[in-house]
Visitor: 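Starting off with a structure, shown below.
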Amino acid sequence: MIKQLLPFALAFALLLSACGGDTKEKEYDPAATAAALQESTAFSDALEALDKDVAAILYGLEEGTVQDCAVYTSLSAGAEEIAVLVLSDTDATSAALTALKNRVEDQKTALKDYQPAEVSKLDHAIIQQRGNSVLLVVAADPDAAQAVLDKQ
């Protein structure tokens with residue numbers, strides 16, 4: 001009787017494992033995502049690339065937790081910015097997500113008197129997480145930026 005049930009038990013186990021599939025969310029590709037955003041019509045300012053070390057300092061992250069990134073900030077000291085970061089683990093990802101939110105709030109405070117027109121861009125900042133990657137986009141046209149992200 002057990003020998004007769006064994007094939008059914010194995011088939012059932014295989015079926016259950018197949019249903020699980022790969023549930024890990026696809027992470028942002030920093031270079032591709034940043035390039036697609038820059039090629040869009042979402043930005044009105046020229047953006048300058050920052051290297052990984054400077055980006056980690058800018059966002060207050062431990063340098064070793066940033067595995068890959070593409071970060072661009074406004075050349076005019078405005079609010080426009082692209083940050084796509086891939087982190088080493090879930091704790092680092094959570095810290096980076098908080099850091100990006102804090103960056104937006106800090107920029108609002110810094111720019112409200114200096115460049116008040118830039119604050120509206122920050123009010124529509126896009127902050128997202130996919131797997132162990134996080135993204136911040138502050139653009140003149142947030143809808144155009146979101147359209148690019150929706151295609152990723």
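Along the sequence shown, residues carry numbers from 1.
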Visitor: To the nearest 0.5 Å, what is the distance between OG on Ser94 and CG on Asn132?
Guide: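 The CG atom of Asn132 is 10.5 Å from OG of Ser94, to the nearest 0.5 Å.
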Visitor: Linking I/L/V/M/F/W/Y whenever their side-chain heavy atoms sit closer than 4.5 Å, directly or via other members, would Leu87 and Tyr59 fall into one cluster?
Guide: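 Linked within one cluster.
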Visitor: Is Leu58 reachable from Leu61 through a run of I, L, V, M, F, W or Y residues, each pair having side-chain heavy atoms under 4.5 Å apart?
Guide: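 As far as the 4.5 Å side-chain criterion goes, Leu58 and Leu61 are connected within one cluster.
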Visitor: Consider only side-chain N and O atoms of Glu80 and Tyr72, and report whether a donor and an acceptor are under 3.5 Å apart.
Guide: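 There is no such pair between these side chains.
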Visitor: In Å and rounded to the nearest 0.5 Å, what is the OG to CG distance from Ser40 to Asp141?
Guide: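 CG of Asp141 is found 8.0 Å from OG of Ser40.
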Visitor: What's the separation between atom CG in Asp51 and atom SG in Cys69, rounded to the nearest 0.5 Å?
Guide: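 Going from CG on Asp51 over to SG on Cys69, the span is 7.5 Å.
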Visitor: What's the shortest heavy-atom distance between Thr65 and Ala92, and which atoms?
Guide: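 Heavy atoms only, the tightest pair is CB-CB, 3.6 Å.
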Visitor: Do you know the tightest heavy-atom contact between Gln107 and Ala79?
Guide: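 What the structure gives for the nearest pair is NE2-CA, 4.4 Å.
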Visitor: Quick check: is Leu37 connected to Ile126 through a chain of hydrophobic side chains (ILVMFWY, heavy atoms under 4.5 Å apart)?
Guide: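 Linked, Ile126 and Leu37 end up in one cluster.
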Visitor: What distance separates Leu136 CG from Leu122 CG, expressed to the nearest 0.5 Å?
Guide: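 That separation rounds to 8.5 Å.
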Visitor: Any idea which heavy atoms bring Leu135 and Tyr28 closest together, and the distance?
Guide: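 Distance-wise, the nearest heavy atoms are CB-CE1, 3.9 Å.
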Visitor: Should Val104 and Leu100 be regarded as members of a common hydrophobic cluster, given that ILVMFWY residues are connected when their side-chain heavy atoms come within less than 4.5 Å of each other, either directly or indirectly?
Guide: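 Linked, Val104 and Leu100 end up in one cluster.
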Visitor: Please round to the nearest 0.5 Å and tell me the distance separating atom CD1 of Ile82 and atom CD of Gln38.
Guide: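 Between atom CD1 of Ile82 and atom CD of Gln38 there are 4.5 Å.
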Visitor: Are Lys101 and Asp106 close enough that some pair of their side-chain heavy atoms sits under 4.5 Å apart?
Guide: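 Heavy-atom side-chain distance check fails, nothing below 4.5 Å.
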Visitor: Taking all heavy atoms of Asp113 and all of Pro116, pick out the closest pair and write down the distance.
Guide: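 Of all heavy-atom pairs spanning Asp113 and Pro116, the closest is O-CD, 4.0 Å.
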Visitor: Quick one: does Thr33's side chain have a donor or acceptor within less than 3.5 Å of a partner on Asp29's backbone?
Guide: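 The answer is yes, because a donor-acceptor pair under 3.5 Å joins these two groups.
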Visitor: Are the side chains of Glu48 and Ser76 in contact, using a 4.5 Å heavy-atom criterion?
Guide: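 They are not in side-chain contact.
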Visitor: So, Thr109 side chain and Glu105 main chain: donor-acceptor pair closer than 3.5 Å or not?
Guide: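 At least one qualifying donor-acceptor pair exists.
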Visitor: Do the side chains of Glu81 and Arg103 get close enough for a salt bridge, i.e. N-O under 4.0 angstrom?
Guide: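 Salt bridge between Glu81 and Arg103, a charged N being under 4.0 Å from a carboxylate O: yes.
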Visitor: Nearest heavy-atom pair of Pro30 and Ala70: which atoms, and what distance?
Guide: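 The answer is O-CB, 3.4 Å.
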Visitor: Measure the OG-CG distance between Ser120 and Leu111 for me, rounded to the nearest 0.5 Å.
Guide: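 If we round to the nearest 0.5 Å, Ser120:OG and Leu111:CG are 10.5 Å apart.
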Visitor: Under a 3.5 Å threshold, yes or no: a donor from one side chain and an acceptor from the other, between Gln67 and Glu27?
Guide: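 There is no such pair (donor and acceptor under 3.5 Å, judged by atom type) between the side chains of Gln67 and Glu27.
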Visitor: So does Lys108 pair up with Asp123, basic N to acidic O under 4.0 Å?
Guide: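 Result for this pair is yes, salt bridge flagged.
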Visitor: Among the clusters formed by ILVMFWY side chains lying less than 4.5 Å apart, do Val84 and Val138 turn up in the same one?
Guide: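 Different hydrophobic clusters.
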Visitor: For Val66 and Ala56, which heavy atoms make the closest approach, and how far apart are they?
Guide: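 Closest pair (atom of Val66, atom of Ala56, distance): CG2-CB, 4.4 Å.
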